[in-house]
K.L.:
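For reference, the structure I am asking about is given below.
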Amino acid sequence: MKEKIYTIPLTEAFEKDCECAFCEIERKLDKEILDYVLGPSYMEEDIREETNKHGFCKYHYDKMFHAQNRLGVALMVSTHLKKIKNDIESVLADEQAVGKRKLFQKSAQTSPIAKYTEVLSEDCYACGRAKKRMDGYIDTFFYLWKREPDFRSKVKESKGFCLNHFSRLISEGREKLNDSSFNDLLSTLIPIERENLARISDELDWFIQKFDYRFQNEPWKNSKDSLERAILKISSARLE
Ligand SMILES: [Zn+2]
Ligand SMILES: [Zn+2]
């Protein structure tokens with residue numbers, strides 16, 4: 001059962017002192033996927049076929065370029081580029097066929113090349129892989145929430161979630177849980193989130209106060225990395 005594969009990493013993420021267990025999982029996943037893409041996998045034909053088909057997003061090209069395997073990246077980009085060179089011909093032909101006047105008719109409001117590049121820049125083999133795994137972790141969260149009192153206790157003891165994962169849990173919980181389980185989720189998560197937004201806000205205020213010379217000899221308390229943690233809390237951005 002797929003939940004079994006995800007249970008241990010998910011439980012471990014909830015045991016970690018962090019602002020969001022799911023962001024913690026994403027941080028690990030991102031590294032694993034990058035290692036995988038740049039490891040021996042890119043020589044396997046089925047993986048090459050996939051990376052060739054999807055390419056990568058800006059974020060992952062940047063990460064890949066700055067990792068250690070320039071040859072691997074060059075090979076993947078080279079085959080993907082050849083595919084683009086081929087595909088773009090029919091797009092350009094459409095562009096010329098639509099012509100300037102017709103583009104402003106309702107049936108063809110978007111230029112064919114704009115449509116093509118929009119899909120191209122958003123499609124990403126690494127993001128696709130990460131999304132599948134994250135979906136598995138979210139499903140496992142609800143699986144454990146329904147069955148494991150120990151897991152519920154870990155959630156209760158956590159520091160809540162970033163706003164994106166908080167809202168995802170609530171909106172998916174509404175669909176996946178029965179009424180009583182969903183009410184239980186809301187009455188657990190909302191106070192935790194409220195309390196932890198207040199906590200991070202206080203920590204950040206103390207961080208700001210420390211710039212005032214009158215407070216320079218005061219202890220930092222928990223505020224030294226509060227700016228990074230506050231940004232993650234509101235946006236899921238991992239500043240590393
Ligand atoms: Zn998060
Ligand atoms: Zn990506």
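None of the values given here were measured: they were computed from a predicted structure. Any value given below was found using the heavy atoms of this structure, including those in side chains, with hydrogens, waters and symmetry copies removed. All ligand and atom numbering here is 1-based and tracks the order in the structure. When a residue number appears, it is its place in the shown sequence, counting from 1.
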K.L.:
May I ask you to decide if the ring planes of Phe207 and Trp220 are parallel, tilted or perpendicular, using 30° and 60° as cut-offs?
P.N.:
tilted

K.L.:
Salt bridge check, Arg133 against Glu32: does any charged N sit closer than 4.0 Å to a carboxylate O?
P.N.:
yes

K.L.:
Side chains of Ser158 and Lys154: is there a donor and an acceptor less than 3.5 Å apart?
P.N.:
no

K.L.:
How many degrees, to 10°, between Cys20 SG and Cys23 SG as seen from the Zn ion (ligand 1)?
P.N.:
120°

K.L.:
Distance check, rounded to the nearest 0.5 Å: Ser167 atom OG versus Phe161 atom CZ?
P.N.:
11.5 Å

K.L.:
Verify ring pair (Phe, Tyr, Trp, His ring centres under 6.0 Å) between Phe141 and Tyr6, making sure each step is shown before the conclusion.
P.N.:
CA-CA 9 Å; Phe141 175 92; Tyr6 294 105; over 10 Å; no

K.L.:
Might you work through the ring pair (Phe, Tyr, Trp, His ring centres under 6.0 Å) test for Phe22 and Tyr137, ending with a clear yes or no?
P.N.:
CA-CA 8 Å; Phe22 287 103; Tyr137 282 113; 7.6 Å; no

K.L.:
How wide is the angle at the Zn ion (ligand 1) between SG of Cys162 and ND1 of His165, to the nearest 10°?
P.N.:
100°

K.L.:
At a cut-off of 2.8 Å, what protein N/O/S atoms sit near the Zn ion (ligand 2)?
P.N.:
Cys57 SG, His60 ND1, Cys124 SG, Cys127 SG

K.L.:
Would you check if the side chain of Asn183 reaches a backbone N or O of Asp179 as a donor-acceptor pair within less than 3.5 Å?
P.N.:
yes

